[in-house]
**Q** 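Sharing a structure here in structure tokens format.
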Amino acid sequence: MLSTTVKAMSDTQDPLSFKEGVKDGFPIAVGYFPTAMAFGLVCRNGGMKLWEAALFSLSNFAGSGQFLAANLLFGGAMMAELVISVFLVNLRYLFMGAAVSTETTTIRGLKRAVVAFGTTDEVFSVSLLRGEPLTWPYMAGIEGTSYIGWVSGTFAGFLLGSLFSPALQLAVGVTLYAMFSSLLAQEFGQKGSVVIAIGAVSAILNTILILVCHLGTGWAFVISMLSAAIFGALIDKEETK
């Protein structure tokens, strides 16, 4: 009886609106803006032009992937290294997109492609926590607002970079490591020492490949990431037996 009542209530509930999407996307945009400013400054310090930095964010909308790509690009990595590295970092979006697609069955064609492009970690989490079918107006609102926050932050960081002191500009260089450290901390809270072991394997192997074997930064990153992933899968398999 209760389940019937709940179903009836959900059937009569108004679809998620564009206004609700903007409301949910605004805090995400506020969080994206300072990080995007750091990215814009990294691009400026790396020698990019304003239009190049802007196009970088307009066409990608992937924070950690963009920071990684910029660092590899400015470090002289080959195109193959850059492409493979960024692909591996952004591989998680395939799984996020699959989950979001189950809640966006009414969205078709080009609109569906736009939703896929705008699905970031934060958009994924906030939208699915709604627990309701995701409509096109809602997704346009949450993703559009988040996107504006990221792109405008890139512009601001690039244009205002000259106002920052040299020390502050150098400090921005650690932004990439801070982002990945936050991801590591989140995983540590869920899986504990296993995550530390996987991270240690990746870090040690990456150091050996670069300092001892004199391998390029990009290839060292790719090999270290894949090796750590395999190591993590083996550990997880042993623990689940």
Side-chain angles (χ1 to χ4, degrees), residues 3 6-33 35-37 39-40 43 48 50-70 72-73 79-80 82-158 179 183:
S3 61
V6 172
K7 185 177 186 302
M9 291 176 62
S10 63
D11 289 340
T12 58
Q13 191 173 24
D14 292 333
L16 292 173
S17 65
F18 177 79
K19 182 178 179 180
E20 290 173 299
V22 172
K23 181 179 178 181
D24 286 350
F26 182 74
I28 300 176
V30 171
Y32 279 175
F33 190 84
T35 305
M37 282 189 67
F39 176 73
C43 291
M48 282 189 178
L50 175 59
W51 71 267
E52 292 174 324
L55 184 60
F56 209 149
S57 284
L58 284 167
S59 61
N60 283 273
F61 194 30
S64 57
Q66 287 182 228
F67 272 99
L68 176 61
L72 290 176
L73 183 64
M79 185 58 66
L82 193 152
V83 171
I84 296 173
S85 298
V86 174
F87 172 76
L88 291 174
V89 168
N90 289 339
L91 192 60
R92 66 189 187 281
Y93 291 125
L94 289 177
F95 304 101
M96 292 183 190
V100 170
S101 68
T102 62
E103 301 297 331
T104 55
T105 54
T106 60
I107 303 175
R108 301 292 186 208
L110 182 59
K111 292 180 179 179
R112 197 169 183 82
V114 172
V115 169
F117 172 79
T119 300
T120 62
D121 302 68
E122 292 74 18
V123 168
F124 167 77
S125 300
V126 173
S127 60
L128 288 191
L129 281 175
R130 275 286 184 169
E132 305 174 45
L134 302 175
T135 64
W136 165 246
Y138 174 81
M139 294 305 292
I142 188 173
E143 293 186 351
T145 304
S146 304
Y147 185 66
I148 291 172
W150 180 257
V151 174
S152 62
T154 302
F155 270 99
F158 193 100
M179 291 183 66
L183 294 175

**Q** Assess, by modelled atom type and distance only, whether the side chains of Tyr32 and Glu122 contain a donor and an acceptor separated by less than 3.5 Å.
**A**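 The answer is yes; a qualifying pair exists.
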**Q** Any non-hydrogen side-chain atom of Leu16 less than 4.5 Å from a side-chain atom of Leu134?
**A**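 They are in side-chain contact.
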**Q** Roughly how far, to the nearest 0.5 Å, is CD1 of Ile107 from OG1 of Thr135?
**A**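 If I round to the nearest 0.5 Å, the distance is 6.5 Å.
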**Q** Can you name the nearest heavy-atom pair linking Ile28 to Ser146, along with the distance?
**A**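 Answer, listing the atom of Ile28 first, then Ser146: CG2-OG, 3.4 Å.
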**Q** Please round to the nearest 0.5 Å and tell me the distance separating atom OG of Ser127 and atom OH of Tyr138.
**A**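 Between atom OG of Ser127 and atom OH of Tyr138 there are 6.0 Å.
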**Q** A side-chain contact here means heavy atoms from C-beta on lying under 4.5 Å apart; do Trp150 and Gln66 qualify?
**A**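 Trp150 vs Gln66: side chains touch.
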**Q** Quick one: closest heavy-atom pair of Arg92 and Ser64, and the distance?
**A**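 So the two residues come closest at NH2-OG, 3.2 Å.
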**Q** Please round to the nearest 0.5 Å and tell me the distance separating atom OG1 of Thr119 and atom CG of Leu94.
**A**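 One finds 11.5 Å between OG1 of Thr119 and CG of Leu94.
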**Q** Taking only residues two or more places apart in sequence or in another chain, which ones pass ring-ring contact (aromatic ring centres under 6.0 Å, His included) with Phe56?
**A**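 With neighbours one apart ignored, the set is Phe39.
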**Q** Kindly compute the distance separating CZ (Phe87) from OH (Tyr93), expressed to the nearest 0.5 Å.
**A**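 Answer rounded to 0.5 Å: 13.5 Å.
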**Q** Using every non-hydrogen atom in the two residues, find where Ala99 and Leu128 come nearest and quote the distance to one decimal.
**A**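 Nearest heavy atoms, Ala99 then Leu128: CB-CD1, 4.1 Å.
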**Q** Please find the pair of heavy atoms, one from Trp136 and one from Val114, that lie closest to each other, and give the distance.
**A**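 Smallest heavy-atom distance, with atoms named: CH2-CG1, 4.0 Å.
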**Q** Can you find a pair of side-chain heavy atoms, one from Phe124 and one from Val100, that are under 4.5 Å apart?
**A**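 They are in contact (side-chain heavy atoms under 4.5 Å apart), so the answer is yes.
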**Q** On a heavy-atom basis, which atom in Phe158 and which in Cys43 lie closest, and how many Å separate them?
**A**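 Taking every non-hydrogen atom into account, CE1-C, 4.3 Å.
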**Q** Rounded to the nearest 0.5 Å, what's the gap from CG on Leu91 to CE on Met96? Could you check?
**A**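 Here the rounded value is 10.5 Å.
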**Q** Does Tyr147 use its side chain to pair, donor to acceptor, with the backbone of Leu58 at less than 3.5 Å?
**A**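 Judged by distance alone, yes, a pair lies under 3.5 Å.
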**Q** Any side-chain to backbone donor/acceptor pair from Ser152 onto Gly149? Under 3.5 Å, distance only.
**A**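 Yes, Ser152 side chain to Gly149 backbone: donor-acceptor pair under 3.5 Å.
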**Q** With rounding to the nearest 0.5 angstrom, report the CE to CZ distance, Met139 to Phe18.
**A**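 So the CE of Met139 and the CZ of Phe18 are separated by 12.5 Å.
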**Q** List the atom of Phe33, the atom of Ala156, and the distance in Å for their closest heavy-atom pair.
**A**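 Here Phe33 and Ala156 meet closest at CZ-CB, 3.7 Å.
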**Q** Do any pairs count as a salt bridge (Lys or Arg N to Asp or Glu O under 4.0 Å) and have a residue in residues 16-26, sequence neighbours left out, and if so which ones?
**A**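 Only Glu20-Arg130, Asp24-Arg130 qualify under salt bridge (Lys or Arg N to Asp or Glu O under 4.0 Å).
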